[in-house]
Amino acid sequence: MSTLIGIDLGTTNSCVATMRGSDTVIIPSSTGARTTPSIVAFAPSGERLVGQVAKNQAITNSTRTITSIKRKMGSDTKIKIDNRKFTPQEISAMILTQLKKDAESFLGETVKDAVITVPAYFTDSQRQATKDAGRIAGLNVIRIINEPTAAALAYGLDRQEPQKIMVYDLGGGTFDVSILDISNGVIEVLATSGNNFLGGDDFDQVVMQYLLEEFRKQYRFSLESDPTAMQRIKEAAEAAKIELSNYQKTDVMLPFIAQGKEGPINFQVTLTRHEFNQMTKHLVEKTKAPIMQAIKDAGIQVTDINKVLMVGGSTRIPAVTELVTSITKKQPFKGINPDECVALGAAIQSGVLAGTITDLLLLDVTPLSLGIETVGNHFAKVIGRNTSIPIRKSQIFTTNAPYQSSVIIHVLQGENERANANKELGKFILRGIRRAPAGVPQIEVTFTIDVNGIVNVHAKDLDTGKEQDITVEASTNLSEAEIQNAMRDEREYEVKEEVRKELFQIKQNALNLVEQAKAKMKNDKTTKKQIKPVMATLQKALKSDNKIDIEVATKELEETLAIV
Ligand code: AMP
């Protein structure tokens, strides 16, 4: 088996780790960093940029730079670049392809299998989308695990005393809180709760609005129609937020942010931690209800919590730590690097699956209830939230009209009594039911949730014995054909990328040679007659972008230079 990797596919940053013997190691990115920005950009030339290089050009190429794609996973959003529309799965696959490449160059071997983490609160379609992104990137996703579970794995391996742990995970775009029970190598997620649309990005937005407002007050015009200025304000807002985690005040300085009536404007504002805390208080407070919900769902009291783990970059915000401390009356545990522990946990899980770690068993739960719609817009739950997975559960349903020969099975995920207030996972029709009075046919609906938290639904008419297997495919999920197409596109892109890189190198060599030829002609005028026409041929070939022509002309010029 080739080496397995664990991937934390984050909203803002991603991280990869692997096992070396019994130790976990973080795999550095191609730029030597321990995390990779989850950013994809398309250069004006069409070239694809991923990670730090994409982040570096975000200001000047903001309309072709894609950030926080994780927030769109499981939705039917499309990202239009030039004439192509990309799904969130395809964009995520581009990040995964980069992480895979980095791992391959670090390990010196082909990487095939990976464990990928997702927020505990991710719905089925978001999990499925993540798995599909892995496939598109050429990875065999052997397991999807919840991020807090992964964090606890990174922590729990060498801690054997029984304990209840709260994992508070506030990243770039998502928040979740989980209550876990750890004892003798068994990590059980008792409950999870959270908010898929809350994270560091929201804090950035608040600071950004503040900066824009300050600018408007000072200069009486708005920066909002200038994408470059907006991108700079966004970056400055994040930098200010990060600085305020360590200092009581920060100076935001943006030279030449815009052109005013009296010349370029150098925008400057001071922001204190107190002001920052006031303006972001509502965001910190928003994490309170999910904490209480998770504690309640776990069937424990706040006082039962032995340790609190903080995961995700945004937990470095002091007000966040203060809130968690005030609720739990515990100082959050800081022994784990919040940026890396999820990937490390994923690597540990990959070690469990590869059989290199044997003293650990992971029990996970489903974060949301599953069921179907019944008469009167009612949601009939078949599997309750926080049930341990994998699980298979059946329930009998019947018809509500006389002589009904088919039923619509509308599969939903959520907690609301009203069917239409929940997330639709899929809809299918079971036909061929024996004609009978209402309430007589017995239709058995079986839900299966696999170890990855991915759902399958089967329906069976118990009267006729007719069985039908139905795989739930949410409307936002990619079909097999679409995945295959995306995989093919990705491979084609890789091949094109190789060709482009090769051509770039050949052209680079040719250009160097042209420079050498020019120098030679300058130093020794007598050679000009022989060199000039050969050099001109190469320059013409360079304009054509034709690889063979360039190679032939390069060789010719090399030979000419060697003999003159
Ligand atoms: P993650 O998704 O876990 O990588 O978290 C990324 C988020 O953490 C981004 O919104 C960052 O701006 C934020 N972040 C990173 N470091 C800090 C810090 N020192 N203070 C506040 N937020 C931070």
Side-chain angles (χ1 to χ4, degrees), residues 6-17 26 29 33-39 51-52 54-55 58 67-73 92 95 99 116-122 130 146-148 150-151 154 167-178 194-208 211 231 233-250 252 271-273 275-277 279-281 283-284 286-287 309-324 332 334 336-346:
I7 300 177
D8 167 12
L9 184 59
T11 310
T12 323
N13 295 300
S14 296
C15 186
V16 199
I26 293 289
S29 72
R34 291 169 76 82
T35 57
T36 297
S38 305
I39 302 179
Q52 192 57 46
K55 192 172 184 179
T67 58
S68 300
I69 192 66
K70 186 169 173 178
R71 284 190 160 187
K72 303 272 176 356
M73 290 293 265
S92 292
I95 300 167
L99 301 176
I116 303 183
T117 61
V118 293
Y121 220 62
F122 251 24
T130 305
N146 291 329
E147 286 160 12
V167 181
Y168 179 102
D169 182 352
L170 189 61
T174 52
F175 165 63
D176 47 53
V177 54
S178 307
N195 184 339
N196 277 344
F197 293 92
L198 179 66
D201 294 353
D202 300 296
F203 289 76
D204 299 348
Q205 275 300 323
V206 169
V207 179
M208 201 176 156
L211 296 178
Q231 184 62 31
I233 292 271
K234 187 165 178 257
E235 291 192 0
E238 186 183 10
K241 170 191 77 176
I242 291 176
E243 184 130 326
L244 289 172
S245 293
N246 290 318
Y247 301 98
Q248 289 297 335
K249 78 179 182 63
T250 180
V252 178
L271 183 62
T272 65
R273 186 188 286 177
E275 286 167 329
F276 172 77
N277 286 348
M279 63 179 84
T280 57
K281 197 166 190 259
L283 296 174
V284 179
K286 261 191 186 176
T287 68
L309 300 191
M310 300 295 261
V311 181
S314 302
T315 57
R316 293 195 178 100
I317 297 171
V320 168
T321 311
E322 281 159 26
L323 176 97
V324 176
K334 294 257 165 87
I336 293 181
N337 183 334
D339 303 323
E340 296 175 0
C341 61
V342 171
L344 293 174

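Everything numeric here is computed off the predicted structure, so don't read it as measured data. Counting convention: from 1, in listed order, for ligands and their atoms alike. If you read the sequence from its start, that first residue is 1, and numbering goes on from there.
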Query - Side chains of T36 and S14, donor plus acceptor under 3.5 Å - result: no

Report task. Within a distance under 4.0 Å of any heavy atom of G312, pick out the atoms of ligand 1 and give their elements. Result -> 3 (O)

Query - Atoms of ligand 1, numbered as shown, that sit under 4.0 Å from any heavy atom of I317 - result: 21 (C)

Query raised in the report: D202 side chain to G199 main-chain N or O, any donor-acceptor pair under 3.5 Å?
Result: yes

Requested in this report: For G172, counting its heavy atoms only, list the atoms of ligand 1 lying under 4.0 Å from any of them.
Outcome: 1 (P), 2 (O), 5 (O), 6 (C), 7 (C), 10 (O)

Query - Protein contact of atom 4 (O) of ligand 1 - nearest heavy atom, named by residue and atom, plus distance - result: N13 ND2, 3.3 Å

Report task. Determine, considering heavy atoms only, which of R316, E238, K241 sits nearest to atom 22 (N) of ligand 1. Result -> K241

Query - For G200, the ligand 1 atoms whose distance to one of its heavy atoms is below 4.0 Å - result: 10 (O)

Query raised in the report: So, do C15 and I26 sit near enough that their side-chain heavy atoms are less than 4.5 Å apart?
Result: yes

Query raised in the report: What protein heavy atom sits nearest atom 21 (C) of ligand 1, and how far off is it?
Result: S245 OG, 3.2 Å

Query raised in the report: Is the closest N or O pair between S314 and ligand 1 shorter than 3.5 Å?
Result: yes

Query raised in the report: Considering G313, A239, G171, which one's heavy-atom position lies nearest to atom 23 (C) of ligand 1?
Result: G313

Query raised in the report: Quick one: do R34 and D8 make a salt bridge, cutoff under 4.0 Å?
Result: no

Requested in this report: Can you sort out the partners of E322 under side chain to side chain donor-acceptor pair (under 3.5 Å), two or more places apart, ordered by chain and number?
Outcome: none

Query raised in the report: Between I95 and L99, is a side-chain contact (heavy atoms from CB on, under 4.5 Å) present by the stated rule, with each step listed?
Result: CA-CA 6 Å; I95 300 167; L99 301 176; 4.2 Å; yes

Report task. Show your reasoning for whether side-chain contact (heavy atoms from CB on, under 4.5 Å) applies to I242 and F203. Result -> CA-CA 10 Å; I242 291 176; F203 289 76; over 6 Å; no

